[in-house]
Amino acid sequence: MRRYTYPVVALLFVCIVQVHCFGQRIVAGARDEFSIQAGINFPMGEETYAGSPALLANMKPGYSVDLRYTTTLLKNFQVGAWAGTVKFNGWNSTLSPLLYEGSTMKFLSFGPALMYKPWSPKDVGLNRFGFCILATPGASIINIETAEEASINDGTNPETLTVKSTRLTVGLHAGLSYICSSTIGVNLLAGYRYTQSESKIFPDKNYSFLNVSAAVFYRLHLDKRYKYAHL
Amino acid sequence: MITADTGSVIKCCDISLSLDTHVTPIVVLMNKCRAILVVAWVLCVSCQDDESVNKAVFTTSEVTRTTEGAVFQGNVAILDDVPYDNYGFVWSENNEPTLSDSVFFFDAAPLEGKFSTEVKNDLEKGSVYNVRAFIKAKNTVYYGNTVKFESLGSATPVVTGFDPNHGGSLDTIKISGENFSRLVSNLQVKIGQAECQILSASREELTVRLPEYYTAGSFPVEVTVSGKSGISKNTFELDGPTIKSISPDSGPAGTLVTLTGVRFSAERSRNVVHVGEYRASIVSASPTTLVIEIPQFAVVSSKDISIEVDLAKYVAKDAFKLTGPKITSVSPSSGIQGSVVTIKGTGFSTVPAENEVYLRGGIAAEVLSASAEELVVKVPWATTAGTSDCSITVRGAFELSEEKFTILGPEVTRIEPAQQYGGRTIKLIGKNFKADPHLTQVYFFGTNLVANIDNLTDTEMDLTIPLQLNDNSQIVVSVGGIHYMTTFEFQVLSPWVKQADFPGVTRYGAVGFSIGQYGYVGTGVTDNGDLRDLWRFDSNNHTWKRMKDYPGPSRAFSFSFVVDGKAYVGGGGHYGTSSYDFLFNLYDLWEYDPSTDSWTQKASLSPNNIPSGTMATATAVGRYGYFAVNGWMRRYNVDTDVWDAFPSQGTINTIIASAQNKVYMTTRNFDGGLIAYDPATSSWSSIAGTGNTSWSITSFAIDDKVYMGSGDRFNEYDPATSQWKSLPTFSLMPGYPATFTIGSVGYCVTGQGGGSFATFDPHY
């Protein structure tokens, strides 16, 4: 029991000194953050539209990578830019198994990023934990490659069909953050991305998918805040 | 002042500090918002980009069918940067139609969106077609997916005009209308009977070429597309000759007829006129008149007259009635060759030679008498029996009558007896024989053997079976050239019976002898050398057993004789360098005792004065063995083991047998004759032969008769009567066989040519 005496006393001392002693401590907030985010994306939507199988909804989940840079605009509110890419493949539909077999679908997206951190920084856990809401509107450059032959050119032009288009997109994520050190932190995010899909070829009404991702962020230009306590 | 203002200054400082703390974030916020807006604007503008593709995307949609065609539909979803210049549909019964099949062009560059057209051509009712949309660039055609449908038919082609409205051989015509086909293979254009060659085709216009040969006249233009035909209202004039009148319009062959018309040629050779299928000679010609001579050999009936001038042809149907003889009855309606027939009718010539009558085949019947209404003819010697239409030609006019005449041929209904030996007689019973031996021949199918006809009537004939007939055969009877073959085979019997094969190596030049119920065969030669083995045949149970080998050197063509139940074998020669090199070079003699199956050597022959290069044979009379070779004979005394020499007899060839205590030998004349030596009187006599013989002779002595011959001739000589008799031959008789006699049966074993084992029983 003796051996715990000094640590307990020391801990109580520290707590008493922090709360009740006249003193100060640093609350580290970052003015800029740069994050790298990797995630898995689950296609959503109807499997068929007007009797024709959808393109994205019948794909397997795809992997994504995002880069994001944000800077503090107001307290708890950051703005910035993001860019990311996601790729889908593994198309399979029981309605017409061969229609888009072997197709790949790539989204290269970018745009402004808006992040709101209602808890950050807080005293809880020495300010390490936080909560964030991220909105990422922008544009997606959609690149679709499909070797379908059943309805397009009937094999007389066997070249793989490549369809390129640029469409508006918006994503909304919510997540938790943990600051590992004064410069490094991690995020766990879950969200939804919606992309317009008007096409002369494919029946999809939109391209949407759920995203679950993890990010590592690097904190730049730390804000030093001083907080005073009463004696 | 300074003091008094100090607080103000400080306040101002506070204010300025306060301003700094409130203005700067707003400016920054504004700047950042402006940046965000700019970025968002750029994004919105950039999102105006349309889809771009690396190749056009288009599809063939479903087909709507009608009874007059089908509506094809397609959709161009998106185009790429290729400068397409046309688009449309292709269709055919092939799985992947192309531009070489039926096609519809929109004759414009394709645009994005749906497109369709109704086609009314190249669709046959009930056929299943495949249709594909296509878009076309300068050098490339891209096809869409295939849509299959069953056609309900297409519209009837409509011929609205043609230019020019007349023409001749190989002229070109343009035909306009609707619902034609672009596909030449789906098109047919005819003007009258003239089928035109299609040079080019579209749905509205055809360019065709007239054939080189055609029938002149005015005809509508007929266009057929996928089984539906449309004809023009106006007629096209096929230039050429036209016959307007014929005079006279009937008559016999040789009648001069005047043809009046237009566009004849004044050159006779340029007018080709046919009456029926025969070409008529042209007596005179002008552009409007031709005089022709009705040709001969035409069948009496109404005839077309056709004229052809410079490849253009005109036909006047049934324009001339050819008159001539007419047969009304033929009596009797059947008969054998040479029988007499009466033909009644009209138009006959009273001169018999001018009436050419055919009852069957190409042989004219002899006309015995003739009047204008009756002919008496003799049935010709046709080669086949059967029924034919009668025909008659009188001075070139031909009549094929509906009256028929049947020439009857021989027919065999029965043979008595149904089986018989060669050399004996059978009777053929049937009908339609001809009691004329010069017109009748009987032979056996599959052979060249002709039977000798001993007696012949119209219903029966007696035949002698050829001695050489060894196999069952159908009998062919030929009467006056008409052949009849029996539907069954005649069963020929033979004293020769083939036995199971000899178990030893097949050989020839073997020695053969018999002791009691056993026959023995040994030595001999094959292509691989000569032999020493000895085999015994048991005539009771027909089994073979190998006995002790001949102790002397192996050999062929040795001699043997049997005295007192023991055999004596010797002489002969080794196998030489060729099959025919049988030198007589062995002179030893061995005695075989069948009771002990043992051999004992006896006194050898003296080689002195024995010629080589020939075969030696022997037989026994009494207690002596007689050996002869090429003009020499020796005698061996089995009791004293001594050989005696005989004087030379130059005509002796080989000993064949002993009968009635005489030794019989063939002659070197090969005339079938014999030389007989009588030991009792030591006399020689000659027996005349019956024909040629050869070196290889199969001979037996059975019941004191001598039998000798080969595969094609076999004879019996009876010393008691000095008579020869021909016997059935054995076609499988080998060359140089071993022979022996047991009881009343001769045995012929192994030899050249397969070595059949057969028995010969003369008591049949």
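Just so we're clear, the structure is a prediction, and the values are computed from it rather than from any experiment. So that the names make sense, note that chain A is the first sequence line, chain B the second, and so on, each numbered from 1.
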When rounded to the nearest 0.5 angstrom, what distance separates CG in B/D80 from CG in A/L161?
9.5 Å
Out of A/R167, A/E198, A/K164, which one pairs with B/E51 under the side-chain contact (heavy atoms from CB on, under 4.5 Å) rule?
A/R167
If you count heavy atoms of other groups shown closer than 6.0 angstrom to CD of B/E205, is the number above 12?
yes
Would you say that more than 12 heavy atoms from the other residues, nucleotides or ligands in this model lie under 6.0 Å from the CG of B/D81, or not?
no
Check whether any side-chain heavy atom of A/I201 lies under 4.5 Å from a side-chain heavy atom of B/I78, and answer yes or no.
yes
Crowding at CD, A/E46 (>12 non-hydrogen neighbours, <6.0 Å)
no
Using a 4.5 Å cut-off on heavy atoms from C-beta on, say whether the side chain of B/E112 contacts that of A/K200.
yes
Atom OG1 in A/T160, atom NZ in B/K55: separation rounded to 0.5 Å?
7.0 Å
